[in-house]
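For reference, the structure is listed below as structure tokens.
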Amino acid sequence: MRCTAIPRSSRSTIIHAKTKVLSIFGTRPEAIKMAPLVRALAAEPGIESSVCVTGQHRSMLQQVLDLFEIQADHNLDVMVPDQTLNGLSARLFVAIDELLADTTPDRVLVHGDTTTAMVAAMAAFHRQIPVAHVEAGLRTYDMGQPWPEEMNRRAIDVASDLLFAPTASSRENLQAERLCGRILVTGNTVVDALQLTVSRIEADPAFRAGLDAQLPPLAPDRKLLLVTGHRRENFGGGFENICRALAQLAQRDDIQIVYPVHLNPKVRGPVLAELSGLDNVHLIEPLDYFQFVRLMQQAHVILTDSGGVQEEAPSLSKPVLVMRDVTERPEAVNAGTVRLVGTKVHSIVDSVSTLFENDSLRHAFSLRENPYGDGHASQRIVNAIMDRPFTQFAS
Ligand code: UD1
Ligand code: UDP
């Protein structure tokens with residue numbers, strides 16, 4: 001049986017000279033991944049592009065907007081300290097609904113799997129405004145990991161009429177679910193963002209030196225373990241284990257650990273309590289994207305639970321150990337550049353130690369190509385919105 005898309009609201013069928021596209025995002029990773037797309041939308045003569053930032057994140061979002069020179073047309077400023085998922089969702093539903101009523105876009109664009117993206121997709125669906133989902137089709141098929149993102153991403157995919165799958169395997173997930181939306185494989189826009197950033201760093205030695213001066217001084221005789229961690233399913237016992245593992249690793253005489261600590265109080269609490277003052281551990285504030293990419297370039301090993309970092313590291317030929325039991329991004333695991341190590345102390349310590357002690361194993365993590373994208377995802381997405389033919393990304 002064929003699937004029927006939602007009827008469009010009478011307002012969205014009004015013919016405008018240009019297609020009014022409203023991009024809605026609210027957290028650091030969405031902003032990084034939407035930044036190149038916002039640029040490509042603005043450069044398309046057939047599109048009238050506007051940007052709404054929800055402010056689900058505040059300073060971590062603003063860092064990205066400043067760096068990529070994105071002027072938001074609307075800022076809903078919904079963040080409150082230590083927000084709950086339901087409190088955040090409620091504020092988002094009210095604010096986004098008012099915005100949609102005022103601005104009457106022809107299409108709403110959302111990214112990924114955050115609460116912002118899920119609520120924006122639902123709110124647009126309720127107003128019968130077509131939704132396009134950037135980074136569609138990632139799945140673990142485990143509702144507890146990542147939580148609540150697995151549910152968010154599925155709900156958004158059901159509500160969307162355009163599904164921009166980054167890879168062939170995400171397309172296969174969507175096809176198996178018999179969704180109504182049209183599926184196109186575009187590559188992941190994070191590779192577009194990373195390429196823009198790396199070319200700026202590499203082309204401009206003064207800029208690079210300026211970035212290095214903003215980072216913690218790195219000892220030349222110690223190898224860098226770069227750490228990030230923030231996932232809700234790791235709160236509590238998971239973070240206690242991560243901290244214990246880092247404290248053990250810090251005793252090595254060949255290591256220096258740099259950990260830009262996420263602003264979520266549920267992360268900062270245990271991390272600052274357990275690791276402050278330890279030799280060889282630099283706990284620092286979240287870095288802006290240029291600074292963070294520069295640090296990734298210098299890392300010996302990256303230890304993380306981040307989704308975006310898993311997708312970026314292959315472009316930088318860096319080994320990534322992921323502190324999760326499952327990932328919705330299997331491509332780099334299958335290609336051998338990412339390894340899942342879970343959150344048990346001995347597993348984290350052993351995995352990092354092995355890569356610090358065995359260079360040939362570490363080099364085996366290097367890839368020639370990034371399975372997540374080729375730097376042209378944003379233009380493919382613009383072409384799809386304009387209903388132009390284009391060659392899909394072959395991952
Ligand atoms: C959110 C996303 C997660 C994404 C992560 C990226 C959901 C359900 N989760 O998780 O998928 O991987 O962002 O980082 O949408 N805070 C600040 N300033 C900031 C940002 C956060 O103070 O700039 C603090 C606030 O106390 C806030 C808390 O962090 O209440 C939690 O933020 P929230 O966006 O709800 O969750 P994240 O854990 O950041
Ligand atoms: N990042 C950053 N500064 C930091 C840590 C990470 O700019 O201090 C970038 C990182 O390169 C990646 C993104 O933030 O592009 C990942 O965000 P996060 O880990 O918060 O979320 P996730 O990707 O897990 O959703």
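For the single chain, residues carry numbers from 1 onward in sequence order. Each ligand, and each atom within it, is numbered from 1 in the order the structure gives.
- Side-chain atoms of D157 and H133 form a donor-acceptor pair, as typed in the model, at a separation below 3.5 Å.
- Within the 4.0 Å heavy-atom cutoff, H262 counts among the residues contacting ligand 1.
- At a cut-off of 3.5 Å, with distance as the only test, no side-chain donor of S351 or T354 sits close to an acceptor on the other residue.
- Closest to atom 25 (O) of ligand 2 among all protein heavy atoms lies P29 CG, 3.4 Å.
- For ligand 2, the atoms closer than 4.0 angstrom to any heavy atom of G307 are 22 (P), 23 (O), 24 (O).
- What you find for N358 and S360 is that their closest heavy atoms are OD1-OG, 3.0 Å.
- Looking from atom 24 (C) of ligand 1 to the surrounding protein, the closest heavy atom is L263 O, 3.5 Å.
- N234 and D305 are linked by a side-chain donor-acceptor pair at a separation below 3.5 angstrom, with hydrogens and angles left out of the test.
- Of the residues listed (T103, T104, D106), the one engaging K20 in a side chain to side chain donor-acceptor pair (under 3.5 Å) is T104, and it is the only one.
- Between the side chain of T167 and the backbone N or O of S170 there is at least one donor-acceptor pair closer than 3.5 Å.
- By the criterion of a heavy-atom distance under 4.0 Å, neither the backbone nor the side chain of Q63 is placed next to ligand 2.
- Of all protein heavy atoms, the one lying nearest to atom 34 (O) of ligand 1 is Q56 NE2, 2.8 Å.
- Under 4.0 Å from ligand 2, the heavy atoms of R231 that appear belong solely to its side chain.
- Ligand 1 places these atoms under 4.0 Å from at least one heavy atom of P148: 8 (C).
- Ion pairing between a basic and an acidic side chain is recognised when a charged N comes within 4.0 Å of a carboxylate O; R388 and E44 show such pairing.
- In terms of polar-atom proximity, I32 is not counted as a contact of ligand 2, lacking any N or O under 3.5 Å from an N or O of the ligand.
- By the 30° and 60° cut-offs, the orientation of the rings of F356 relative to H300 is perpendicular.
- Listed by atom number, the atoms of ligand 1 under 4.0 Å from L85 heavy atoms are 8 (C).
- Of all protein heavy atoms, the one lying nearest to atom 4 (C) of ligand 2 is R28 NH1, 3.2 Å.
- In summary, the atoms of ligand 1 found under 4.0 Å from a heavy atom of V80, numbered by their order in the structure, are 27 (C), 30 (O).
- Comparing Q63, M79, R58 by heavy-atom distance to atom 16 (N) of ligand 1, the nearest is M79.
- Side-chain contact between H57 and E30 is absent, with no heavy-atom pair separated by less than 4.5 Å.
- The shortest heavy-atom distance from R231 to ligand 1 is under 4.0 Å.
- Every atom of ligand 1 is numbered from 1 in the order shown, and the set under 4.0 Å from a heavy atom of E149 is 2 (C), 3 (C), 7 (C), 8 (C), 9 (N), 11 (O).
- Closest approach of L61 and A31 over heavy atoms only: CD1-CB, 3.7 Å.
- Heavy atoms of P265 found under 4.0 angstrom from ligand 1 belong exclusively to the side chain.
- In terms of protein heavy-atom proximity, atom 38 (O) of ligand 1 is nearest to N264 ND2, 2.9 Å.
- Looking only at protein heavy atoms, the nearest one to atom 8 (C) of ligand 1 is T115 OG1, 3.1 Å.
- Of the polar atoms of F292, none of the N or O atoms is found under 3.5 Å from an N or O of ligand 2, judged by distance alone.
- With ligand atoms numbered from 1 in the order given, ligand 2 contributes 8 (O) to contacts under 4.0 Å with heavy atoms of P260.
- Among protein heavy atoms, the minimum distance from atom 33 (P) of ligand 1 is reached at Q83 NE2, 3.3 Å.
- Between H262 and ligand 2, no N or O atom pair is found at a separation short of 3.5 Å.
- Electrostatic pairing of K33 and E312 does not count as a salt bridge here, judged by no charged N lying under 4.0 Å from a carboxylate O.
- Salt bridge status for K344 with D350: absent, with no side-chain N to carboxylate O gap under 4.0 Å.
- A donor-acceptor contact closer than 3.5 angstrom links the side chains of E331 and S169.
- The shortest N/O to N/O separation between M296 and ligand 2 does not fall below 3.5 Å.
- Shown in contact with S306 at under 4.0 Å from a heavy atom are these atoms of ligand 2, numbered in order with element: 16 (C), 18 (P), 19 (O), 22 (P), 23 (O), 24 (O).
- No part of Q291 comes within 4.0 Å of ligand 2, judged by heavy-atom distances.
- Under the 3.5 Å distance criterion, with hydrogens and angles disregarded, a donor-acceptor pair is assigned to the side chains of N370 and S315.
- Taking every non-hydrogen atom of P286 and a distance limit under 4.0 Å, the qualifying atoms of ligand 2 come out as 8 (O).
- The closest side-chain donor-acceptor pair between Q56 and T27, if any, does not fall under 3.5 angstrom.
- Using cut-offs of 30° and 60° for the angle between ring planes, the F207 and F290 rings count as perpendicular.
- Taking any N or O of T228, backbone or side chain, none lies under 3.5 Å from an N or O belonging to ligand 2.
- A donor-acceptor pair shorter than 3.5 Å cannot be found between the side chains of N173 and E177.
- Residue H57 holds the heavy atom nearest to atom 1 (C) of ligand 1 of all those in R232, H230, H57, R28.
- Heavy-atom contacts of D82 reach the following atoms of ligand 1: 25 (C), 26 (O), 27 (C), 30 (O) (cutoff under 4.0 Å).
- A pairwise comparison of heavy atoms in D288 and Q63 identifies N-NE2, 3.7 Å as the closest pair.
- Residue-ligand proximity, P29 to ligand 1, at heavy-atom distances under 4.0 Å covers atoms 6 (C), 14 (O).
- Atom 10 (C) of ligand 2 has E312 OE1, 3.5 Å as its closest protein atom, hydrogens excluded (heavy atom only).
- Between the side chains of D142 and Q145, a donor-acceptor pair is found at a separation under 3.5 Å.
- No donor-acceptor distance shorter than 3.5 angstrom exists from the side chain of N188 to the backbone of Y372, with no hydrogens or angles considered.
- Polar contact check, M60 against ligand 1: a nitrogen or oxygen pair lies under 3.5 Å apart.
- In terms of protein heavy-atom proximity, atom 23 (O) of ligand 2 is nearest to G308 N, 2.7 Å.
- Near L287, the atoms of ligand 2 lying under 4.0 angstrom from a non-hydrogen atom of the residue are 2 (C), 3 (N), 4 (C), 7 (O), 8 (O).
- Inclusion of N152 in the set of residues having an N or O under 3.5 Å from an N or O of ligand 1 is not warranted.
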